[in-house]
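Structure, as structure tokens:
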Amino acid sequence: MAPSLSKSDDYDTTKMGHKESMITLEGSSNFLANGHVVLSSVPCNVTIVAPATSSGCFVGFNTTEAKSRHVVPIGKLKNIRFMSIFRFKVWWTTHWIGSAGGDLEHETQMVLLDKSGDGRPYVLLLPLLEGPFRASLQPGSDNFIDICVESGSTKVTGATFDSVLYIHAGEDPYTLVKDAMKIVRAHLGTFKLMEEKSPPGIVDKFGWCTWDAFYLTVHPHGVWDGVKGLVDGGCPPGLVLIDDGWQSISHDEDPVTEEGMNRTAAGEQMPCRLIKFEENYKFRDYESPKKSGSGNKGMGAFVRDLKDEFKSVDYVYVWHALCGYWGGLRPNAPGLPESRVVGPKLSPGVEMTMEDLAVDKIVSNGVGLVPPEIVDQMYEGLHSHLESVGIDGVKVDVIHLLEMLSEDYGGRVELAKAYYKALTASVRKHFKGNGVIASMEHCNDFMFLGTEAIALGRVGDDFWCTDPSGDPNGTFWLQGCHMVHCAYNSLWMGNFIQPDWDMFQSTHPCAEFHAASRAISGGPIYVSDSVGKHNFELLRTLVVPDGSILRCENYALPTRDCLFEDPLHDGKTMLKIWNLNKYTGVLGAFNCQGGGWSRESRRNKCASEYSHRVTSMASPMDIEWKHGKHSIPIDQVQIFALYFYHEKKLVLSKPDDALEISLEPFNFELITVSPIKTLPNNVQFAAIGLVNMLNSGGAIKAVDECDKDGTCLVRVSVKGTGEMRAFVSQKPKVIRVEGEEVEFTYEADMVVVHVPWPNSSNSSVIEYLF
């Protein structure tokens with residue numbers, strides 16, 4: 001299949017401008033980037049095609065035998081630092097670094113090569129889909145990088161490939177990845193970039209998920225009490241996510257007409273199968289105390305009562321698996337579409353991933369799979385019912401399962417196409433086109449085929465309160481793992497979906513560590529607290545009284561100096577992530593050292609020898625000011641105001657100044673970075689934001705100024721309540737909040753004023769007169 005730039009909806013790449021490819025194949029032996037060798041000893045069966053508008057090229061290969069799986073070397077990588085994203089579990093990916101082909105992991109989804117000081121640019125290696133085949137990268141012998149191309153079915157074979165890999169070069173790593181994705185978007189025509197979509201409204205709401213509160217025992221009265229507790233504590237949720245435990249399921253040995261609701265321990269549900277689209281008896285038997293007669297029972301009555309009683313609740317989502325349930329559908333269940341139990345088969349690459357309870361259960365018991373030609377009936381039946389009872393969206397979990405089931409269905413790509421097409425159509429019909437959280441979806445099959453409409457997805461493994469393997473230290477080091485998963489995965493996944501950093505518990509020993517990352521992640525913020533067990537002091541640093549959050553405008557990414565480092569087990573690297581608000585930047589520093597992926601044991605494990613105090617440098621230029629949805633111009637900025645959340649101090653910094661940060665394990669610092677502007681009367685001013693909130697600068701919604709008759713007025717609109725701070729070089733004459741003069745303090749170049757909650761979702765206007 002030759003590359004095409006005019007497939008599907010003719011996505012336009014011409015605005016990128018015509019560029020000569022920076023990637024060339026020299027003498028059929030070396031891949032060059034800007035004249036510098038990046039891959040050597042390229043085999044003679046490797047081919048390239050350069051798109052018309054690109055700084056890269058598509059790579060393929062020829063073989064003499066048609067097979068369903070090929071592993072082919074594409075060149076040697078030696079002495080060039082790389083960062084990569086690979087699948088450490090069937091469902092989840094994470095960050096990995098090295099400097100040679102042999103350092104790669106199996107099931108690698110992308111590789112980014114570091115630039116050099118003598119002109120070699122950054123280089124991206126991105127495995128793709130071609131026809132019914134899907135590609136990934138893996139280590140070969142003698143530092144070769146191998147490309148693995150597989151169909152997932154012995155009945156689907158091929159020998160010649162034109163575009164199973166895309167290589168792209170550029171001088172900016174963030175621009176490089178985005179530009180490459182645009183080329184691939186045009187080439188494949190099977191997905192939409194995040195910039196073409198809008199995330200669901202839940203991203204701007206505080207949420208509560210039932211999972212860690214109830215696991216499979218979730219019930220209506222428990223959900224009610226959970227929401228009430230948060231509302232009474234001043235942190236009303238805008239999203240309620242009813243996780244696993246609401247569906248009608250059974251084991252194969254149970255009568256097909258009886259719900260197997262004795263399956264309440266985590267893990268016991270995984271061999272179960274769905275037996276009806278309607279909710280199980282716990283929600284079906286709910287009776288409204290507010291209404292009698294018709295419509296006073298069931299999930300619909302419960303959702304209506306919940307929203308009527310708690311006005312902050314705008315969205316109620318429920319969980320379901322891509323195949324209906326963990327074990328799919330129960331064959332011959334009345335009212336369900338046809339299905340048959342298929343035995344999963346793991347590919348050699350997936351066999352190299354970490355042992356996983358869910359995979360073991362699914363492989364052992366099989367999946368009740370609905371044939372792809374009628375899978376639309378499953379989603380229509382499930383989603384039409386959910387819409388009819390007032391459900392606003394779904395968390396679709398256990399997504400990356402189809403690759404194991406595809407032998408008799410045309411292979412993994414064709415099976416996935418059918419399922420994602422049906423899911424997309426149903427979401428558009430029943431949940432406003434974007435009412436989905438995608439989960440357990442970390443693989444390029446999903447990214448390239450499942451994101452035409454889906455615009456929000458998890459970017460990290462589950463939040464684990466403790467280590468499921470029993471390591472008591474996992475209560476801590478697993479939290480660092482989670483943060484690194486989310487930060488680095490977002491470099492890849494953020495082009496397809498709005499990154500969701502998952503729920504956490506506000507009473508966990510590392511709760512503030514998690515809260516700080518969620519506050520600046522740019523994604524939704526939701527907790528899975530047990531009923532009545534909340535740290536409201538912490539939650540109020542995240543949640544505005546109306547149930548909304550102060551969300552950044554971009555999605556958080558690692559800073560440049562972290563991209564090719566190991567923030568989990570090198571004992572020296574601090575994870576730094578950056579994001580942008582409307583008027584400020586924010587830099588988060590996190591000491592995550594203490595455990596992560598082990599190549600030898602093929603699992604995540606503790607590395608306590610690296611868990612100690614770490615020191616790093618921070619600068620205003622760690623923030624990529626030009627890379628947000630709305631860039632913040634800083635070309636004329638000579639000095640920045642930096643506010644440290646934990647230390648509660650203000651530091652003035654030139655653009656290239658570097659400040660030292662030192663953190664103990666699993667501690668953090670958030671720095672709000674505000675460009676200082678000189679007003680017409682030579683007063684210097686920089687709004688910091690509500691410093692009682694973790695994302696202080698996210699509270700600032702508008703800033704404008706005027707100068708009249710020698711008086712300079714700065715007007716700042718603020719969302720939320722609390723302590724508003726700003727850097728000013730001169731004490732204001734007067735400060736007004738909503739037109740009323742108020743008291744304020746001025747000390748050490750900071751002016752502090754209290755902003756009351758306006759009893760509405762409107763911003764408060766603060767006026768500074770000089």
Side-chain angles (χ1 to χ4, degrees), residues 38-39 69-114 123-128 134-150 164-165 167 177 346-356 359 400 403 440-447 459-461 478 480-482 484-493 558 562-570 573 592 595-607 610:
V38 289
L39 296 179
R69 185 173 186 268
H70 295 271
V71 177
V72 174
I74 58 170
K76 291 185 179 183
L77 176 67
K78 295 187 292 186
N79 301 317
I80 299 177
R81 293 199 308 168
F82 72 79
M83 65 83 65
S84 64
I85 301 296
F86 81 99
R87 290 165 78 190
F88 72 97
K89 289 185 180 180
V90 170
W91 337 97
W92 306 116
T93 59
T94 192
H95 170 248
W96 191 249
I97 63 167
S99 59
D103 296 333
L104 279 175
E105 279 290 354
H106 287 74
E107 279 293 319
T108 291
Q109 311 292 294
M110 65 160 273
V111 178
L112 182 64
L113 307 181
D114 197 5
V123 178
L124 178 71
L125 309 179
L126 189 69
L128 303 176
R134 168 264 185 186
S136 63
L137 299 174
Q138 62 187 50
S141 61
D142 196 23
N143 283 323
F144 271 101
I145 292 179
D146 287 354
I147 189 162
C148 175
V149 178
E150 54 196 339
V164 288
L165 178 71
I167 305 181
V177 176
L346 275 61
S347 70
V350 169
E351 291 276 11
M352 297 293 292
T353 61
M354 181 175 168
E355 185 176 334
D356 186 284
V359 176
H400 229 275
E403 67 176 276
M440 299 173 74
E441 84 289 16
H442 293 189
C443 193
N444 52 7
D445 305 53
F446 172 79
M447 299 300 160
V459 290
D461 190 1
L478 274 170
C481 282
H482 183 94
V484 167
H485 297 334
C486 294
Y488 289 89
N489 282 337
S490 294
L491 183 65
W492 171 49
M493 297 182 197
C562 289
L563 285 176
F564 302 95
E565 304 295 341
D566 178 4
L568 287 178
H569 32 36
D570 71 0
T573 300
C592 300
W597 179 251
S598 167
R599 298 195 80 178
E600 294 72 29
S601 59
R602 310 306 300 169
R603 64 183 180 91
N604 288 325
K605 60 182 292 187
C606 181
Y610 300 116

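As the structure is a computational prediction, the values presented were derived from the model and not from experiment.
Scanning both residues, C481 and G596, for their nearest heavy atoms gives SG-CA, 3.6 Å. Summarising the geometry of G480 relative to C592, their closest heavy-atom pair is CA-CB, 3.7 Å, with the distance given to 0.1 Å. Closest approach of A135 and V149 over heavy atoms only: CB-CG2, 4.1 Å. The minimum heavy-atom distance between G102 and P139, with the atom names listed, is O-CB, 4.0 Å.
Taking the side chain to side chain donor-acceptor pair (under 3.5 Å) definition, one finds that T108 meets it with nothing, sequence neighbours left out. Partners of R81 by salt bridge (charged side-chain N to carboxylate O under 4.0 Å, His left out), not counting sequence neighbours, listed by chain and number: D114, E565. Contacts of Y488 classified as ring-ring contact (aromatic ring centres under 6.0 Å, His included), with partners at least two apart in sequence or in another chain: H95. Listed by chain and number, the residues in a salt bridge (charged side-chain N to carboxylate O under 4.0 Å, His left out) with R602 are E105 (sequence neighbours excluded). Considering only residues two or more places apart in sequence or on other chains, H70 meets the side-chain contact (heavy atoms from CB on, under 4.5 Å) condition with F61, T63, K67, V72, F161. With sequence neighbours left out, the ring-ring contact (aromatic ring centres under 6.0 Å, His included) criterion links F446 to Y420. Every residue was checked against the ring-ring contact (aromatic ring centres under 6.0 Å, His included) condition with H569, not counting sequence neighbours, and none meets it. By the side-chain contact (heavy atoms from CB on, under 4.5 Å) test, S601 pairs with S598, R603, K605, sequence neighbours left out. Remark: E441 engages no residue in a salt bridge (charged side-chain N to carboxylate O under 4.0 Å, His left out) (not counting sequence neighbours). Applying the side-chain contact (heavy atoms from CB on, under 4.5 Å) criterion to N143, with sequence neighbours excluded, gives K78, A100. The salt bridge (charged side-chain N to carboxylate O under 4.0 Å, His left out) search around K76 returns D142, not counting sequence neighbours. A search for ring-ring contact (aromatic ring centres under 6.0 Å, His included) contacts involving H482 returns H514, not counting sequence neighbours.
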* To do: Mind running side chain to side chain contact (heavy atoms under 4.5 Å, CB included) on F86 and Q109 for me, showing each step along the way?
  => CA-CA 5 Å; F86 81 99; Q109 311 292 294; 6.0 Å; no
* Check against side chain to side chain contact (heavy atoms under 4.5 Å, CB included), L77 and L113 -> CA-CA 10 Å; L77 176 67; L113 307 181; 4.0 Å; yes
* Asked: Passes side chain to side chain contact (heavy atoms under 4.5 Å, CB included), L346 versus V359? Steps please.
  -> CA-CA 9 Å; L346 275 61; V359 176; 4.0 Å; yes
* What do the steps show when you test W597 against L568 for side chain to side chain contact (heavy atoms under 4.5 Å, CB included), and what is the final call? -> CA-CA 9 Å; W597 179 251; L568 287 178; over 6 Å; no
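L112 places none of its side-chain heavy atoms less than 4.5 Å from the side chain of V123. Residues V164 and L128 have side chains not in contact (no heavy-atom distance under 4.5 Å, counting atoms from C-beta outward). Proximity of F88 to N604: side-chain heavy atoms (C-beta onward) are separated by under 4.5 Å at one or more points. Side chains of V111 and L124 form no contact here, defined as non-hydrogen atoms less than 4.5 Å apart.
Two rings, from F82 and W96, have their centers 6.0 Å or more apart. Taking the centre of each ring, W91 and H400 stay at or above the 6.0 Å mark.
To the nearest 0.5 Å, atoms OG (S84) and CD (E107) are separated by 12.5 Å. Distance check: H106 NE2 to L137 CG gives 11.5 Å after rounding to the nearest 0.5 Å. Going from atom OG of S490 over to atom CD1 of I85 covers 9.0 Å, rounded to the nearest 0.5 Å. Here the CG-CG distance, from D146 to L104, works out to 9.5 Å after rounding to the nearest 0.5 Å. Note that CG of L125 is 6.0 Å distant from CD1 of I74, once rounded to the nearest 0.5 Å. Considering CE of M110 and CE of M83, their distance stands at 5.0 Å, rounded to 0.5 Å.
Of the options V459, T93, D461, a side chain to side chain contact (heavy atoms under 4.5 Å, CB included) to H485 is made by D461 and by none of the others.
Salt bridge annotation for E351-R87: absent, with no cationic side-chain nitrogen under 4.0 angstrom from a carboxylate oxygen.
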